[in-house]
Undergrad: 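Okay, handing you the structure first.
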Amino acid sequence: MSELLAYPPYSERRDALLLEELNALTRHHLERNAVYRRIWPEWKEAKALEEIPFLHAGVFKHLRLASGDAQRARTLVSSGTTGTQSQVVMDPDASRLQAASSRAILAELIGAEMTPLVILDHAAALRSRDAIPARIAAAMAVQPFATETHFVLDPGGAVDWSRVSNAIAKAGHIRLYAITSLLWTAWLETMPDALRAELGRVRIDFVHSGGWKKLEAIRVDRATLDRALLAAAAPGSRVVDFYGLVEQNGILFPLCESGFRHAPLWSEVIVRDPFTLLPTNAEGLLQLMNPFPRGAPSHSVLTEDLGRLVAGDCPCGRKGRRFELIGRLPKAEVRGCANV
């Protein structure tokens, strides 16, 4: 068990402990993964977090990098718009750490109160023994806070509003998880007027991630989406937007009320110059790392996402690393946790 999980996610950072755990995890993968060993054949123990070796996110689209017994592991799968898939092997023991991480982060964001959970997806994807879509894994991160779970999309992708009505029948407070674009195209645009009145009495925590590209195409920005969601719910409702990678399951980077992303203390965000790959304080490529993945060497991933670290204390009061997520590297493949 990572010692870092004993601390609140946004308390003072303990980078020396994180470095120790990441060094140990790097040795684990070098010893058990021949491909990873060929990529980093001369690695020496890191003396700083920026020295931890990384893999580019694109590697996981072409190689299934299993460190250890892949037979007892499941694969987390993410799709890009070109049809290429990232495949990340999930070790059962590490999955428990990743679940603990998600619970701690979400409890800080939405509280630990138990409520019904509505998921804008269908349950069929849960039945696979071998592969789990990343969007389902993200939805399941919210399930520890659920008294009951309702999947409300039919196989054709339309909302079964009778299931939504059943989910809220006796509830004054629910949580709803969705890929971001579905909140507009499936939830808001097709909601029957009669149900809109029912939902107006229910406090809703809207939790969403990924899927902004469709909304950008129809010129729906974050402020417009948030206003529309909150207008169709009871006072006290809120919208929680988080960023994460399929390669780093269990690590969520929420957008705070001051407009910044926050890293829990058991993760690290480094920004690298796109041309030199050296760490920079300016805008650059985000490198994300955490000490949990044991099934595959996805503990340190260089993304194609552009961002910038922000120094100083955040007005929201959270401590630790914060950053701005700016966008995608030009001409990079559009990728996410769903083809939406």
Side-chain angles (χ1 to χ4, degrees), residues 79 81 106 109-111 115-125 133-136 138-143 145-146 148-244 252 254-257 259 325 327 334 336-340:
S79 297
T81 57
L106 286 170
L109 293 173
I110 62 177
T115 73
L117 171 63
V118 173
I119 297 176
L120 284 191
D121 211 319
H122 50 85
R135 69 180 193 277
I136 294 294
M140 291 299 95
V142 191
Q143 196 175 39
F145 307 101
E148 55 194 57
T149 302
H150 304 266
F151 288 85
V152 299
L153 287 194
D154 64 29
V159 177
D160 184 334
W161 291 104
S162 64
R163 294 182 188 174
V164 176
S165 184
N166 290 336
I168 67 172
K170 298 179 182 179
H173 179 200
I174 68 168
R175 296 190 177 97
L176 184 150
Y177 174 80
I179 295 300
T180 303
S181 63
L182 290 180
L183 287 174
W184 187 271
T185 61
W187 183 259
L188 291 170
E189 287 195 333
T190 69
M191 184 185 296
D193 289 341
L195 194 62
R196 190 177 296 271
E198 286 186 58
L199 286 166
R201 64 167 182 78
V202 180
R203 183 160 55 94
I204 305 176
D205 297 329
F206 296 96
V207 183
H208 67 96
S209 61
W212 273 104
K213 50 188 175 289
K214 276 194 173 181
L215 295 188
E216 290 169 352
I218 59 175
R219 298 184 180 180
V220 174
D221 60 15
R222 189 184 310 281
T224 300
L225 176 64
D226 287 1
R227 281 196 302 270
L229 289 172
L230 295 176
S237 297
R238 53 189 165 180
V239 182
V240 176
D241 171 0
F242 67 81
Y243 161 68
L252 316 176
L255 185 72
C256 77
E257 49 269 41
L325 180 63
V334 177
C337 50
N339 288 323
V340 291

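When reading the values below, keep in mind they use all heavy atoms of this one structure, side chains included, and skip hydrogens, waters and symmetry mates. Keep in mind it's a predicted model, so treat the numbers as computed, not measured.
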Undergrad: Looking at residues at least two apart in the chain, or sitting in another chain, which of them share a salt bridge (charged side-chain N to carboxylate O under 4.0 Å, His left out) with D160?
TA: R163
Undergrad: Looking at every non-hydrogen atom in both residues, tell me the closest pair between L199 and A232 and how far apart they are.
TA: CB-O, 3.7 Å
Undergrad: Less than 4.5 Å apart, any side-chain heavy atom of L225 and any of L188?
TA: yes
Undergrad: Please report the closest heavy-atom contact between D121 and F151, naming both atoms and the distance.
TA: O-CB, 3.4 Å
Undergrad: Atom CD1 in I110, atom CZ in R238: separation rounded to 0.5 Å?
TA: 7.0 Å
Undergrad: Yes or no on side chain to side chain contact (heavy atoms under 4.5 Å, CB included) for R203 and T115, after CA distance, side-chain angles and deciding distance?
TA: CA-CA 11 Å; R203 183 160 55 94; T115 73; over 6 Å; no
Undergrad: In chain order, what residues pass the side-chain hydrogen bond (donor to acceptor under 3.5 Å, both in side chains) check against R196, with sequence neighbours excluded?
TA: none
Undergrad: What residues form a side-chain hydrogen bond (donor to acceptor under 3.5 Å, both in side chains) with N166, not counting sequence neighbours?
TA: none
Undergrad: Taking side chain to side chain contact (heavy atoms under 4.5 Å, CB included) as the definition, give me every residue that meets it alongside A231, ordered by chain and number, with sequence neighbours left out.
TA: none
Undergrad: Would you mind listing every salt bridge (Lys or Arg N to Asp or Glu O under 4.0 Å) that reaches into residues 149-159, with sequence neighbours excluded?
TA: none
Undergrad: Mark yes or no for whether T180, through its side chain, and G210, through its backbone, hold a donor-acceptor pair below 3.5 Å.
TA: yes
Undergrad: Kindly compute the distance separating CH2 (W187) from CG (L182), expressed to the nearest 0.5 Å.
TA: 12.0 Å
Undergrad: List in chain and number order the residues that pass side chain to side chain contact (heavy atoms under 4.5 Å, CB included) with Q143, two or more places apart in sequence or in another chain; answer none if no residue qualifies.
TA: L117, M140, A146, T149
Undergrad: What's the separation between atom CH2 in W212 and atom OG in S181, rounded to the nearest 0.5 Å?
TA: 9.5 Å
Undergrad: Considering only residues two or more places apart or on different chains, which pairs with a residue in residues 172-191 satisfy salt bridge (Lys or Arg N to Asp or Glu O under 4.0 Å)?
TA: R175-D205
Undergrad: Under the side-chain hydrogen bond (donor to acceptor under 3.5 Å, both in side chains) rule, collect the residues that match up with D221, sequence neighbours excluded.
TA: T224
Undergrad: Check side chain to side chain contact (heavy atoms under 4.5 Å, CB included) between S165 and all other residues, then give those that pass, not counting sequence neighbours.
TA: L195, E198
Undergrad: Hey, what do you get for SG (C256) to CG (L109), rounding to the nearest 0.5 Å?
TA: 10.0 Å
Undergrad: What is the distance from atom NE2 of H208 to atom CG of L255, rounded to the nearest 0.5 Å?
TA: 8.5 Å
Undergrad: How far apart are the closest heavy atoms of A167 and V118, and which atoms are they?
TA: CB-CG2, 3.8 Å
Undergrad: For side chain to side chain contact (heavy atoms under 4.5 Å, CB included), just list the numbers for V159 and L153, CA-CA rounded to whole Å, side-chain angles, deciding distance to a tenth of an Å, and then say yes or no.
TA: CA-CA 5 Å; V159 177; L153 287 194; 3.7 Å; yes
Undergrad: For V202, which residues count as a side chain to side chain contact (heavy atoms under 4.5 Å, CB included) partner, sequence neighbours excluded?
TA: I168, I174, I204
Undergrad: Of the non-hydrogen atoms in A171 and P116, which two are nearest, and what is the gap between them?
TA: CB-CG, 3.9 Å
Undergrad: Nearest 0.5 Å please: distance from the OH atom of Y177 over to the CZ atom of F242.
TA: 5.0 Å
Undergrad: Can you tell which of L183, T185, V164 makes a side-chain contact (heavy atoms from CB on, under 4.5 Å) with L120?
TA: L183
